[in-house]
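These notes concern the structure reproduced below.
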Amino acid sequence: MNILKLLDKLSDDKFFSTEASRLDTLTGISKFGKKAAIAAIPLGLGALMTTPAKAAPFNGDNTFKNTLTDALQLALVLEYLENEYYAIGLSTAGLIPNADRTVFMQISKHESAHVTFLKNTLTSLGVTPGAKPTFDFTAGGNFMPFVDYNQFLVLAQAFEDTGVRAYKGQAGNVMSNKTVLQAALQIHSVEARHASQVRRMRANKGWIELSDGGNMPSATDSVYAGEGNTNQAGFNTATAFGAAAGSAAYDEILTGSEAQTIASLFIV
């Protein structure tokens, strides 16, 4: 399936909510299914494989396998993107200063481990892992991350910040399998640490305030759209803490259409 057609499918809220809504445990939070993010960033592909309308019940309950595996496929594309980005950056002579190489070497190892985990997990569930897409990290010539280190850091921040929001967006779709959910949460927290580290390397705060990525180009605005939300479960955090601090206290997820906007920039 053409990657852009797949992204179009991902932007359709129904794609993720159809099966997730069948879970009684998702009552009240079924919006997680709509906010498919992991696809996120650059990503998407609930269907690098062909997904049947209804798969056989998974683990003997009412959860359908494609709900879980679609989320994992999306996560895999995200990890593919980050893994390749850091691998190219580290192999580009003279790009990353020696003082920062240790950081990106470690992050690169993490992303590689995440790719391996997701591929193995999909295989164990009887699904063929999606193939790695072809990425264009220049976004059609708009960025030069492997020539300009400052731009390398900008995209690293954008990818990490998107990934954090993306993983949360798939929480509802993997909760049917406690082992996978636990692993996804473990990966999510590591991605958050990556994001905080890269943000600080750019002299930004480790967290996001309002919808301001922190000295980021306008081309990355979609990464931070919605982060200014201060209404949480009916409580206006801005009233108690101020708008900036109130918004920073809660990280938002990305919807499928928002993920598509970001993804389409970097997938050929």
Side-chain angles (χ1 to χ4, degrees), residues 37-38 40-43 78-79 81-90 92 94-111 114 135 137-139 142-169 187-230 232 237-238 240-255 258-259 261-263 265-266:
I38 248 179
I41 189 160
L43 344 186
L78 169 59
E79 298 296 350
L81 178 139
E82 293 181 324
N83 187 43
E84 182 168 318
Y85 184 70
Y86 293 123
I88 294 175
L90 287 166
T92 301
L95 176 66
I96 302 176
N98 289 334
D100 293 349
R101 282 189 64 83
T102 300
V103 171
F104 285 112
M105 288 175 65
Q106 190 62 52
I107 290 178
S108 182
K109 291 177 182 178
H110 295 169
E111 306 301 1
H114 296 168
F135 298 111
F137 295 109
T138 73
N142 290 299
F143 295 99
M144 299 297 287
F146 305 124
V147 174
D148 184 332
Y149 183 56
N150 288 327
Q151 290 192 29
F152 178 82
L153 288 175
V154 163
L155 285 189
Q157 179 185 315
F159 292 159
E160 297 294 350
D161 281 341
T162 302
V164 174
R165 298 182 68 183
Y167 265 90
K168 281 190 292 293
I187 292 176
H188 171 264
S189 62
V190 171
E191 295 293 343
R193 291 186 175 97
H194 291 174
S196 181
Q197 173 66 27
V198 175
R199 291 177 63 81
R200 290 184 181 281
M201 291 171 77
R202 297 189 63 246
N204 285 329
K205 294 179 180 178
W207 54 87
I208 301 170
E209 293 182 340
L210 301 174
S211 297
D212 181 8
N215 193 29
M216 294 286 278
S218 60
T220 65
D221 285 352
S222 57
V223 173
Y224 303 98
E227 285 286 15
N229 179 35
T230 58
Q232 303 293 338
T237 59
F241 311 111
S247 66
Y250 295 85
D251 204 29
E252 304 297 325
I253 73 170
L254 289 169
T255 65
E258 291 165 342
T261 298
I262 301 168
L265 291 174
F266 301 99

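Just so it is clear, the structure is predicted and the values come from calculations on it, not from any experiment.
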Donor-acceptor pair, distance only, cut-off 3.5 Å: does the side chain of [X] make one with the backbone of [Y]?
| X | Y | result |
| --- | --- | --- |
| Thr230 | Thr237 | no |
| Thr220 | Pro217 | yes |
| Glu227 | Glu252 | yes |
| Tyr86 | Gln106 | no |
| Glu209 | Ala244 | no |

Run Val198 and Phe104 through side chain to side chain contact (heavy atoms under 4.5 Å, CB included) and show every step you take.
CA-CA 9 Å; Val198 175; Phe104 285 112; 4.2 Å; yes
Value rounded to 0.5 Å, distance of [atom1] in [X] from [atom2] in [Y]:
| X | Y | atom1 | atom2 | result |
| --- | --- | --- | --- | --- |
| Thr138 | Leu155 | OG1 | CG | 9.5 Å |
| Arg199 | Asn215 | CZ | CG | 10.5 Å |
| Thr102 | Ile107 | OG1 | CD1 | 11.0 Å |
| Met201 | Asp100 | CE | CG | 3.5 Å |
| Ser247 | Trp207 | OG | CH2 | 11.5 Å |
| Phe135 | Leu265 | CZ | CG | 13.0 Å |

Option from Lys109, Glu191, Glu82 for which side chain to side chain donor-acceptor pair (under 3.5 Å) with His114 holds:
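Looking at Lys109, Glu191, Glu82, the match for His114 under the side chain to side chain donor-acceptor pair (under 3.5 Å) is Glu191.
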Applying the side chain to side chain donor-acceptor pair (under 3.5 Å) criterion to Gln157, which one of Arg200, Gln197, Arg202 satisfies it?
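Among the candidates, only Arg202 passes.
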Does the pair Met216 and Tyr224 meet the rule for a side chain to side chain contact (heavy atoms under 4.5 Å, CB included), with working shown?
CA-CA 10 Å; Met216 294 286 278; Tyr224 303 98; 3.7 Å; yes
Could you report the tightest heavy-atom contact between [X] and [Y], atom names first, then the distance?
| X | Y | result |
| --- | --- | --- |
| Phe241 | Gly246 | CB-N, 4.1 Å |
| Leu78 | Ala166 | CD2-CB, 4.3 Å |
| Ala158 | Val223 | O-CG1, 3.8 Å |

Side chain to side chain contact (heavy atoms under 4.5 Å, CB included) between Phe152 and Thr92, intermediate numbers included:
CA-CA 11 Å; Phe152 178 82; Thr92 301; over 6 Å; no
Tell me, with the steps shown, if Phe159 and His194 meet side chain to side chain contact (heavy atoms under 4.5 Å, CB included).
CA-CA 10 Å; Phe159 292 159; His194 291 174; over 6 Å; no
